[in-house]
Every structure is written in structure tokens, then in C-alpha cells.
Amino acid sequence: MRFETMTDAIGNTPLVRIDPAVHGLRNITLYAKMELLNPFGSLKDRAAWNMARPLLTQAVERGDTVVELSSGNTAKALAVIAGMHGLSFRSVTNRMKVAEIKDLLLLLGAEIDELPGQAECLDPTDTDDPLTRMYHRLAESGGGYLHTDQYFNELNVDAHLNGTGPEIVKDLDGRAPDYFIACVGTAGSSTGVATALRQHNPDVRVVGLVAHKSDFIPGIRTIDEVHEVGLFDPDVYDTVETITADDAIDGLLTLVRRCGTLAGPTGGGAYQGAVRHLRAIDAQLTEHRTAVFIVCDRVESYMSYLRERRPELFGRPPRRNSLRTVTDADVRRAATMQVAEAERWIAEGRGLVVDLRSPFAYQALHIDGSINIVDELFAELLHGGLPFGRRQPVLLVCPVGEKSARYAALLTRMGHPDARSLDGGIIAWRDAGAELVRD
Amino acid sequence: MPLYLSPRIDPTVQSVLDETTLMAQLSDALGSPLGVVLPQQLTGNVAAFRSIFSAHRLSGQIYFAHKANRSSALVRELAATDAGIDVASLAELQHALGAGFVPQRIMATGPKNEEFLWLAARSGITVSADSVGELATLATLVTKWSLPRVRVMARLSGFASTGAQLNSRRSRFGVSAAAASEVFDVIEKHADALDLVGVAFHLDTIGLPEKAVALEGCLVALDECRRRGLRPWSVDIGGGFGVDYLADGTQWEQYTSALTEAVLGRRAPLTWNGHGYGLRAEGGHVRGSLNLYPAHRPLSGPAYLDRLLRTTSPELRRPLGTLLLDNMYELHLEPGRALLDQCGLVLASVLEVRDEANGDTIVRLDCNARDVSLEEHGVLMDPVVVHRTTSAGPGPVGVYLFGNLCLEADLITRRKVFLPSRPRTGDLLAFVNTAGYLMDFSATQALRQPIGRKAALFRNDGAWRWCLDEQYWPVHHRAEAP
Ligand SMILES: Cc1ncc(COP(=O)(O)O)c(C=O)c1O
Ligand SMILES: Cc1ncc(COP(=O)(O)O)c(C=O)c1O
């Protein structure tokens, strides 16, 4: 395969059979359309390219900025496409909820505009939704923007009507599947594919999946929000079903651990939603059927999302010398030093003073002669062993003397004979009128 | 299926509602509408905020934002706790001083006129300055009248974020954080008149990310103070901690889903004239956004503060609470609504219950939409029916609540409200948890209808007692021995 440019690699993704031993359906062959293999990482590459392409020549002449209301894959694809054509890209979003995606967009050179949260004291005259606000802003600016408008742009649907859909039919030897299951974000992919499939077989059953109302699944809409989408037409779907974030993660785990498919949450949700919907049908069937679902994007961008919801998946073995192993009894036995004694001890140069507060706070004001090792770093060092000799007396300082007492206890347990904690911390030091300096 | 939005009611408020005879007597004696405040509830609310301070090892003060309710009973009871008060007008300052707050516990916020500034400086309270001009005026007053040095805070706004551009709603108040050095210049210039004790912000948002940016912005501004040799020790993060009004999150979800369907015409309207609360249908799609207070708000009040303090600071990459402590800073709050959670209710009596030809049921109340401004503040929650005797018929009934003004728009709420049982004329509807902004915040004497009276209800000697709001003091006399 030899291409002139990366955008030529968009589309023509494989259709892969899911092992029946995994899904357990007896009469239905289940295929996954592997949209995660698109060059910029998701099915949205198709829509982004199809919407932007016809406008690029003009935009390049005028030096326009590409803008879109997106906090995910469309933004990613558009940022890459804009960059390839020397244009800048601006993503307007309600809230970037997934940290990795935000960082990736910044890395790609995108500007991110986050809209403000809801007012605490209600302003009844404020009825603008983010979308309306963005339209106003684009109108006020009087040009200079290439707005792809994914929620209302028919070219978003066309990308799948002429690409994704026909590819599925071709790979099934010219036949449409009996069932098609997809998650709904802008509704572009599900509408385009469903329309293409029905041209071959009007009886294809189409299942749209949306997030459960109180759940967040990045990339798709909830059951209420879906009605705000311009491209969403309820008649496209034979049924619209909801999936929870838990469903999506369960499905994701099945795909990544058993199917060699590094799918993101909506791919997992589509798998889980598909199997749930088909299982009831499968039990009644006497003849053979086929079903297709879409794997939209890849798992790597969702680590923080997964870590937040399933911390146990990331469990690591406990590390040695961990502060968590220090008991309250250890802390009570830890040696402390009063402010007055500490002033003398420091003046006589009897040992090392370690300030465990943040560098920001240390630099603002600290005890003269102390060194700063912020607690997180100190904890990290201690996993490796004592960071100073046993003959070196140490006085630990933190805000109120609580954290420093725990560390003094830990140092003692690690065999340090003279590790002490400043009683009452630096706040007691300040309140006693002892000197604080700034360099 | 009745679509209830049942209010969250704590056991103390429930025990008040259960005193139906007392409720009826109060309404008969004092008229409708009647604001009822429960000052003793404040103690627990203050303690709940305090417990978050201690969990984070932080010290500082909780300044009650007086503007949320004008009641004397609430302010006097609060004076008996260890909390402070945030006053935003000359009259509020006089009220606070008269209720027993010593100047060290009073903070003046918002834009101020010269009289307000003078009394603030004269009495020795802390002034949270809204602008550079205000500081200059204050310094002039102090010099001219030979007043003691005034403790001042600088209110900042318009904090910049890095990386992604986090837009905050523009505020009319405070000095742009980028121009903070101008404030410090003025303070240094008038060092004999002004004593900078900290910096402040108040953002009208429920969004944590904006508050995190603002709090971090304050830390940066304080660092600038340190560099100049100034020694302020506190950060005031304003109010906006919010209240969870509803007992059941599922009801809120069902209601808002149903409202979306109603706007799309897929079910019968749930509101007077099909009002959409910000939503509208365009070509079969919903546009606009739900313009309502998030009545179901599990993360509110003290829990919201806790979450904010646990939030990692965007630039300094350490929890905000830890950063405050690291820097030895005190944390100040100005909660209004959140401190008044479960502290009051409005009683309105039913003038008429009638069934219209089109099937609607109307309940006309002896109060108007401004006596209990649920609509104005976008809070959707059901009233509680207090029957004098028995229900007028098997429930539930869906009703519209009309006010007593001869105005088409005088609906207590534009929502069809589902009541578990049908009220009769003379029964009472209790709008609970209305002490924060909803009670008489915008009541007027339009059409010469009287503004409702306010009564304080309190426990003494094992029973509920009451007095007029202005008669209430935290000292309760023991009942005479029989
Ligand atoms: C991860 C993910 N899955 C699914 C979708 C849904 O695709 P569509 O917008 O075509 O409905 C999107 C769209 O943004 C997405 O980002
Ligand atoms: C400066 C200031 N502080 C505090 C508050 C109280 O806010 P809330 O009642 O939302 O806590 C307000 C409200 O307008 C305010 O303007």
C-alpha cells in the first residue's frame, strides 16, 4: 500500500468476526467494523475529512481557522487535518472531561475553548446553549472560520453512506447484515451506515445506543441529549437503547483482553449493547443471521477515565517503606521538637531541616537554612531507602506537624536514630513569631 | 404517573410540618403568606462546614452571606455561634452590629457607597474591596477622620487559565487578577490607612474547574504580596456551595426527561402554556438548554467545599487544600444559600380549588409568585400539603398553582405540580427549604397586597415555640413552673 498523504489512508477498515466462544451467540455471526484502525485513531476521521475537504482550498487561501464543537475524536482528526494544511484549529467544548484527549489536542497545536459552567444564581434571561453561543460568536467575527458543524452537516452522514456502509456490504459478499448496532454521538455514522445497508436490504434492524441518563461515556450522547442533535432522526433506528458506563467498560475489557481489539469505551459499549440485544433474539432463532457493530476508537486515550471508574484494574503490588504502613502508635512514639528548642537547634547547626511543603509555599516563606523536598517526592525517595546518612540528625517540617510526625515515625522504623518532627509545624513556628525568610 | 419532585426534608423540618394545629394557628393569626424561619438549624450547618475545615487542618472563618435572607432571628442566632457574617449594604452592617457580631466577625463585600465605607472603617470591620477606587475612597476617609487602620481584602476576578482556555462568566465585580498589582500599589501607598489581610473571589458558577483556577489565581496574587513584603494570610473563596433541594435524584431525572418529551410534543404539556424552561423545539429537535437550578445536587454545601479542596490545582499540581495549608493561609467562605439549608419554609393558604372544563385543576393561593420566588430562581420542587382535617379526595392530583395577583403571569410555578392528596379551601401549602433567597427575597407590595410576616420557630423545653422574627433572641426563657 503506497499513499501520497495520510488522509488517503482513511477508510477501508477491516470487518473482523468475533469468536463465538467469547460472545456465546449460537445462530448469529457477530462482526466488528474496526474503525479504530483509521490513521488518526477513530471513525471520526472519515467525517472530519469529508466535511473539511471541499472547503480547504478556500480556507488555505484566506488563512481561516478551523472550528468545531467537539471534545474528542472529531477535534483530534480536524486538528491533524488543519495542521497538514497549515491552518490552526480551535475546539469549542462544554468541558474536556478526559485529560489525555485534552493533552493530545494541545500537543497537536489545537486551541481549546471551554465554556463556563452553570450559574449558581440563575439568570432567567440566559437561555443560550453552548452551540447557539458558538454560532453567535462565529457570526459576529464575520468570517475567518471554517466551521465543520458536525451535528448538522449532511457531509458527516455522507462519509458513512458512501464509505463505511458500502464497505460492510462488500465484505459480506454483497449482502447487508441482518442487524446493525452503533453508538450515537452526532448520529452521522449510524445514520449513514443504516441508510446504505437498507439500500441492499430494507429489513436490516438498526439499534442505536446512547448513554444512560446519569452516566458519562465519552463520545456519545445521553438519552436526553440525543434530541439536541440536528442529524438525529428517530426513524432511522428500530430501537434506541441505553448503555451504562459499566456496560461500556465491561465490553471494553472483553474486546481488549480476549479479542485482540484495543477498543475504547464506545466500542466496548457497542459490543455489550449488541450482545445484550442479540442474546434474546438468538434464543428464538432457527436459521443463521449476521450482525455488525462499530468499534469507534482506541483504548489508550481513556486511561484516566478507566482509572477513575475501575481503580482495581490498575492495582499494583504494595511498595516498601510506604507511609500507609505507619500506624497511629508509631506516630505517637515519633520524636518531636518544640518551636523554642528548634530555634536553638537550628541556630547551632545541629542537623538538617527538611521542609515537606510544596515548592511554591517554600519559596514564598521558609525557615532559614532548611531544604525543600515536597512530601510526594520524599515518599518516592523513601521507597528506595534513606536519602541521608544515619549519623545525620533530621528535623522534618510540614504545615501543622502531622505529616512530619508520620514521616519521622517512618524514618525511625527505617532505622534512623535521630529523626524528629517540628511540633505544631510551620504554623506554630510563625505564630510563635520565629523568623521566616524568602530568598 | 404523577411526576413528583419531592423536597428533601430533614427530621426537624418534618417535625414542624407534623404540627398541623400549630401551622394552622400561625397562618390564621399572622396571615398568608407566612415566612417561617428555624434559627436553631444554623448551628448544625455551621458545624458541618467547620468539620471540612478540620478535616483539611485549615483554619479560617465562615461568613454568612446576609443577602440570602433578611431575617433578624437567623442573624441573631448566628451571632451566638462562632461564625462570621458577610454584609453587602449599610443596613446589613447595622443589622449585624445590632445582632451582636463584633467587628472582627464582620466582612463587607460588594460595591459600597461612602456611608457604608465610613461605618465599616469606624466600627473596625474587614472590608473586601471591590475596586481600586473603593480602596482610595476608604483611605481618604480613614485619613480625614483619623480612623484606625482598616483591615482590607482585595476581591479579584477574571482569572486566566493556561493550556485550555477555560472561559469563566464575566463578572461585574472585583479587580481583574491581571491588574492585581494596581491594588497592591494603592495599599502600599496608603499603608498607614489600609492593612491588607488577604485576597478574595466570588464566582457565580457551580463549576469546580473555574473555582480551582480562581483559587490558584489568589495563591499567585498572594505570592506577589510576599514578594513586595506585604503579609496577608487569607483567601476568601466567596459563596456558591449550593443546596440539594430534592429527596430523590430519580424523580429529577424522570421529570427532566419528561419535560424534553413534552417540549418535543411527544407527551402532554407539563407546564402552563407549554413553557419549556429554556428548551424549545425546532424541526423536531430540542434547542436551547435547561435554564433551571440543578435542584438535585448531591455534591453541595460542605461536600462541595471538600471536593474543591481536594481538587488538584491546575498549575501547581497539588490539592488546593494542601496548598492553602502549606502556605499557612486561612480559608474564608461566604456561603449564603448553603448555610440556610433546611432553615425555613413559607406557608400559603388555599383560597380555592377548582376543576376547569379542559380538565386542568387550579389551586389558588393567598400569596404571589414573588413571596416564594421559586420560578425566579429556577428551583423546581413540590410544596407539602398541610391538611386542616382530611384530604378533599383521593390523590394524586396534578394542579396549577395560581397566585393572588390579578395578573396572567402570577403563577407560583409554571409547572403542573402533582400533590399526593387533594387540598381543600383553607388548607395550607408549605414550601419548604426556602430560607435561602426563595422566601421573601423579591417580595413586593404590588396591588397593595401585604408582604408576608415572618415568624421564628424554635424548640424550648421540649416543645415548638414561636415568636415574630424581630422578637427573637437566642436566649429562651424557661417556661414558668406550673
Ligand atoms: C468515541 C466515539 N464513539 C462513538 C461516536 C459516535 O459517532 P457519531 O458521531 O457518528 O454518532 C463518537 C463521535 O464523536 C465518538 O467520539
Ligand atoms: C460576594 C458574595 N459572596 C457570597 C455570596 C453568597 O452566595 P451563595 O448564596 O450562593 O452561597 C454572594 C451571592 O451573590 C456574593 O455576591
Side-chain angles (χ1 to χ4, degrees), chain A residues 90-91 93 95-96 102-103 105-106 110-132 213-214 223-225 227-230 232-234 355-365 374-376 398-400 402 425-427 429-431 436 438, chain B residues 57 59 161 163-169 203-210 219-220 222-223 226-227 233 239-242 249 253 256-257 260-261 263-264 278-281 283-289 291-294 313 316-318 322-328 337 375-379 437:
Chain A
R90 170 178 294 217
S91 145
T93 130
R95 265 307 123 85
M96 282 278 165
K102 182 165 166 173
D103 283 344
L105 286 175
L106 291 170
E111 277 176 62
I112 304 174
D113 245 1
E114 293 191 40
L115 297 165
Q118 199 178 347
E120 164 67 29
C121 285
L122 191 81
D123 173 3
T125 58
D126 176 22
T127 52
D128 276 1
D129 55 309
L131 206 61
T132 318
K213 178 156 178 154
S214 53
I223 186 80
D224 283 357
E225 291 165 348
H227 296 291
E228 296 164 13
V229 174
F232 178 75
D233 174 0
D355 187 331
L356 299 169
R357 299 174 305 141
S358 60
F360 177 76
Y362 173 84
Q363 273 149 36
L365 284 176
V374 63
D375 50 13
E376 301 153 357
C398 77
V400 292
E402 228 174 61
I426 197 156
I427 292 183
W429 176 275
R430 175 198 65 184
D431 292 348
L436 288 169
R438 172 186 176 95
Chain B
R57 305 294 182 267
S59 59
S161 59
Q165 162 96 23
L166 181 67
N167 290 290
S168 294
R169 205 168 271 105
L203 296 184
D204 180 18
T205 179
I206 68 170
L208 275 166
E210 290 127 281
L219 296 175
V220 171
L222 286 172
D223 206 47
R226 291 272 173 283
R227 205 179 48 69
W233 290 112
F241 302 93
E253 293 192 352
T256 44
S257 284
T260 307
E261 287 170 26
V263 166
L264 286 172
L279 301 179
R280 58 186 191 280
H285 296 291
V286 181
R287 302 301 295 266
S289 59
N291 196 29
L292 288 173
Y293 191 88
S313 163
L316 300 168
R317 316 243 167 151
R318 212 165 147 80
T322 310
L323 278 171
L324 285 168
L325 190 62
D326 275 352
N327 282 283
M328 302 171 265
R337 195 195 292 267
E375 255 328 92
E376 191 183 341
H377 288 88
V379 175
Y437 300 107

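Quantities reported herein were computed from a predicted structural model and do not represent experimental measurements. Chain identifiers are assigned alphabetically (A, B, ...) following the order of the sequence lines, protein sequences preceding nucleic acid strands; residue numbering begins at 1 within each chain.
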Heavy-atom proximity to chain A below 4.5 Å, by part of [X]:
X: Leu325(B); result: both
X: Leu264(B); result: side chain
X: Thr322(B); result: side chain
X: Ser257(B); result: both

Can you check whether [X] reaches [Y] side chain to side chain, under 4.5 Å on heavy atoms?
X: Glu114(A); Y: Glu210(B); value: no
X: Ile223(A); Y: Glu253(B); value: no
X: Arg318(B); Y: Glu376(A); value: yes

Arg317(B) atom CZ: more than 12 heavy-atom contacts under 6.0 Å
no

Test salt bridge (charged side-chain N to carboxylate O under 4.0 Å, His left out) applied to Asp224(A) - qualifying residues, sequence neighbours left out:
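Residues passing salt bridge (charged side-chain N to carboxylate O under 4.0 Å, His left out) with Asp224(A): Lys213(A).
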
For Arg227(B), all residues meeting salt bridge (charged side-chain N to carboxylate O under 4.0 Å, His left out), sequence neighbours excluded
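Salt bridge (charged side-chain N to carboxylate O under 4.0 Å, His left out) list for Arg227(B), sorted by chain: Glu224(B).
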
Hey, what do you get for CZ (Phe360(A)) to CG (Asn327(B)), rounding to the nearest 0.5 Å?
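Result: 5.5 Å between the selected atoms.
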
Interatomic distance, Glu228(A) atom CD to His285(B) atom NE2 [nearest 0.5 angstrom]
11.0 Å

Interface residue of largest heavy-atom contact number with chain B, from Cys398(A), Ala110(A), Ala364(A), Gly230(A), under 4.5 Å
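Heavy-atom pair counts peak at Gly230(A).
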
Please classify the contact of Glu225(A) with chain B as side chain, backbone, both or neither, using a heavy-atom distance under 4.5 Å.
neither

Under a 4.5 Å heavy-atom cut-off, does chain B meet the side chain of Pro234(A), its backbone, both or neither?
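The side chain, not the backbone.
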
Please check if the side chain of Asp326(B) supplies one atom and the backbone of Ser358(A) the other of a donor-acceptor pair under 3.5 Å.
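Pair found, side chain donor or acceptor close to backbone of Ser358(A).
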
Closer than 3.5 angstrom, by distance alone: can the side chain of Arg57(B) be matched with the main-chain N or O of Val400(A) as a donor-acceptor pair?
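Answer holds: no.
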
